[in-house]
Amino acid sequence: MNNKLTAFALPLLLSSTMAAAQNPLFTDVFTADPAALVHKDTVYLYTGHDEAPNNDVFFEMHDWLAFSSTDMVNWKKHGPIMKATDFKWAKGEAWASHMIERDGTFYFFTTVRHDDTKPGFAIGVATSKSPTGPFKDAIGHALVTDDMTKHTPNDWDDIDPAIYVEENGDTYMFFGNLVPKYVKLSDDLLSLDGEIKTIDLPNFTEALWVHKKEEYYYVSYACEFPEKICYAMSKSIHGPWQYQGILNEIAGNSETNHQSIIEFKGKSYFIYHTGAVPPKDGKPSGGRFRRSVAIEPLLYNDDGTLQRIIMTTEGLSKGK
């Protein structure tokens, strides 16, 4: 997500199970900026938590939520896994994140606003032995701070970390707003191992996500504003990236868009957020600062290109 918009609300029932094949998945809590991890036979879904009381001011995001499923239909809630201020150097703003696992440790890379010692948005890393936390700051300082990149004058241009691990173990972090960037991480995942490089992607806004299927790497991202999801393909993690166009249109009632792409039990899925929750019990509806996660199937053409995502209210309830 970026400086433009995000939000959340309503109490979260811890460790409860609910069937949520429809879209949005959850209607009792606002979720945004999904990042999914497949670990063994389970999908772990990590989201931001929109708590803005309405859609008129700005994002209000204090912590990150976790959910799990073994069938992509029934989801178990695990509650907040971490607060932004658990990073002692951070002011707050629990923005977009990404989780990976290595050798039994779960690494949570995420966006927060740094305190006044290094003003602007920053990327931190936290760790846990459990995919549902609790998580603790792994290094005691930010991994990336605003003063490390000067591609734009904005202080939110180092957001939305997305981690990709090569087959040989080399690990890269993709991130950025307005200018897409990536950097190799050290073997222990706790520092940078090389210079921060930029990527040539048309109409880039934010929300990078990288995945691979067969011979192709795919980078998807929020493009333009209000945001659609566009994508490009390459045969190398380092590009060059061939632009392929729009993958997902503007997600209803939300100017931001943020995607996660996974393969689970032989099927591919596109996870995103929308502002589609209707007003309930006199409370404001979902919208630009009150978003909710949804899921659709992701299909590939014979040439490796991706079929356009068709957003539905049924979601996976039709057994797709």
Side-chain angles (χ1 to χ4, degrees), residues 1 6 8 11-15 29 31-40 42-51 59-68 76-148 156 158-165 169 171-175 183-193 258 260:
M1 52 162 288
T6 311
F8 18 150
L12 183 66
L13 300 175
L14 302 184
S15 299
V29 63
T31 52
D33 302 328
L37 167 69
V38 177
H39 181 62
K40 298 182 178 179
T42 301
V43 174
Y44 292 93
L45 174 63
Y46 303 93
T47 75
H49 179 195
D50 278 344
E51 296 187 274
F59 302 108
E60 186 177 335
M61 308 182 78
H62 304 292
D63 54 22
W64 297 274
L65 307 180
F67 308 84
S68 64
K76 184 176 182 179
K77 296 182 176 183
H78 300 281
I81 59 169
M82 190 178 187
K83 303 188 302 294
T85 51
D86 288 338
F87 294 103
K88 301 304 181 185
W89 43 267
K91 282 186 173 181
E93 308 287 1
W95 284 14
S97 63
H98 193 118
M99 186 80 73
I100 65 170
E101 181 271 340
R102 177 171 291 177
D103 298 329
T105 297
F106 294 84
Y107 294 80
F108 187 57
F109 296 83
T110 196
T111 312
V112 292
R113 181 178 282 282
H114 206 289
D115 65 23
D116 292 340
T117 62
K118 289 185 179 292
F121 277 86
I123 295 172
V125 56
T127 55
S128 176
K129 289 297 183 181
S130 166
T132 56
F135 283 80
K136 295 182 179 180
D137 186 351
I139 55 179
H141 58 84
L143 191 62
V144 173
T145 53
D146 183 58
D147 60 334
M148 294 170 62
W156 60 88
D158 298 316
I159 64 171
D160 297 356
I163 312 301
Y164 184 79
V165 182
T171 304
Y172 296 89
M173 181 171 71
F174 292 74
F175 63 102
V183 64
K184 189 174 185 291
L185 297 179
S186 59
D187 290 343
D188 65 5
L189 306 178
L190 301 180
S191 62
L192 307 186
D193 183 16
H258 195 112
S260 176

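Count residues from 1 along the sequence. Keep in mind that the numbers below use all heavy atoms, side chains included, and drop hydrogens, waters and symmetry copies.
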Is the side chain of [X] donor-acceptor paired with the backbone N or O of [Y] at a distance under 3.5 Å, no angle test?
{"X": "Ser186", "Y": "Ser191", "answer": "yes"}
{"X": "Ser260", "Y": "Ala36", "answer": "yes"}
{"X": "Thr171", "Y": "Val165", "answer": "no"}

Interatomic spacing from [atom1] in [X] to [atom2] in [Y] - rounded to 0.5 Å:
{"X": "Trp95", "Y": "Asp160", "atom1": "CH2", "atom2": "CG", "result": "8.5 Å"}
{"X": "Tyr107", "Y": "Met99", "atom1": "OH", "atom2": "CE", "result": "12.0 Å"}
{"X": "Glu101", "Y": "Lys40", "atom1": "CD", "atom2": "NZ", "result": "8.0 Å"}
{"X": "Phe67", "Y": "Ile81", "atom1": "CZ", "atom2": "CD1", "result": "10.5 Å"}
{"X": "Leu189", "Y": "Ile163", "atom1": "CG", "atom2": "CD1", "result": "8.0 Å"}
{"X": "Asp158", "Y": "Leu143", "atom1": "CG", "atom2": "CG", "result": "10.5 Å"}

Check [X] against [Y] and note the closest heavy-atom contact, atom names and distance.
{"X": "Pro134", "Y": "Ser128", "value": "O-OG, 3.1 Å"}
{"X": "Ala94", "Y": "Asp63", "value": "CB-N, 3.6 Å"}
{"X": "Ala142", "Y": "His114", "value": "CB-CD2, 4.0 Å"}
{"X": "Ala35", "Y": "Ser97", "value": "CB-O, 3.3 Å"}
{"X": "Pro161", "Y": "Ala96", "value": "CD-O, 3.6 Å"}
{"X": "Pro131", "Y": "Tyr46", "value": "O-OH, 2.6 Å"}

With the side chain counted from C-beta on, respond yes when [X] and [Y] share a heavy-atom pair under 4.5 Å apart, and no when they do not.
{"X": "Phe135", "Y": "Thr110", "value": "no"}
{"X": "Met82", "Y": "Phe87", "value": "yes"}
{"X": "Leu190", "Y": "Val125", "value": "yes"}
{"X": "Lys77", "Y": "Leu65", "value": "no"}
{"X": "Lys91", "Y": "Asp115", "value": "yes"}
{"X": "Trp156", "Y": "Thr111", "value": "no"}
{"X": "Pro119", "Y": "Asp146", "value": "no"}
{"X": "Leu37", "Y": "Val43", "value": "no"}

Review point. Considering residues, nucleotides and ligands other than Lys184, do more than 12 of their heavy atoms fall under 6.0 Å from its NZ?
Key: yes
Practice item. Taking atom CG of Asp187 as the centre, report whether more than 12 heavy atoms of other residues, nucleotides or ligands fall under 6.0 Å from it. Key: no
Check your understanding: Is the closest side-chain donor-acceptor distance between Thr105 and Lys129 under 3.5 Å?
Key -> yes
Check your understanding: Any Lys/Arg nitrogen of Arg102 or Asp188 sitting under 4.0 Å from an Asp/Glu carboxylate oxygen of the other?
Key -> no
Exercise for review: Look at the rings of Phe106 and His39 and say which category their plane angle falls in: under 30° parallel, 30 to 60° tilted, over 60° perpendicular.
Suggested key: perpendicular
**Study point:** From CA spacing to verdict: side-chain contact (heavy atoms from CB on, under 4.5 Å), Leu185, Phe109
**Key:** CA-CA 12 Å; Leu185 297 179; Phe109 296 83; 3.8 Å; yes
**Study point:** Qualifying residues under side-chain hydrogen bond (donor to acceptor under 3.5 Å, both in side chains), relative to Thr145, sequence neighbours excluded
**Key:** Asp147
Review point. Hey, would you say the Trp64 and Phe108 ring centroids sit under 6.0 Å apart?
Key: yes
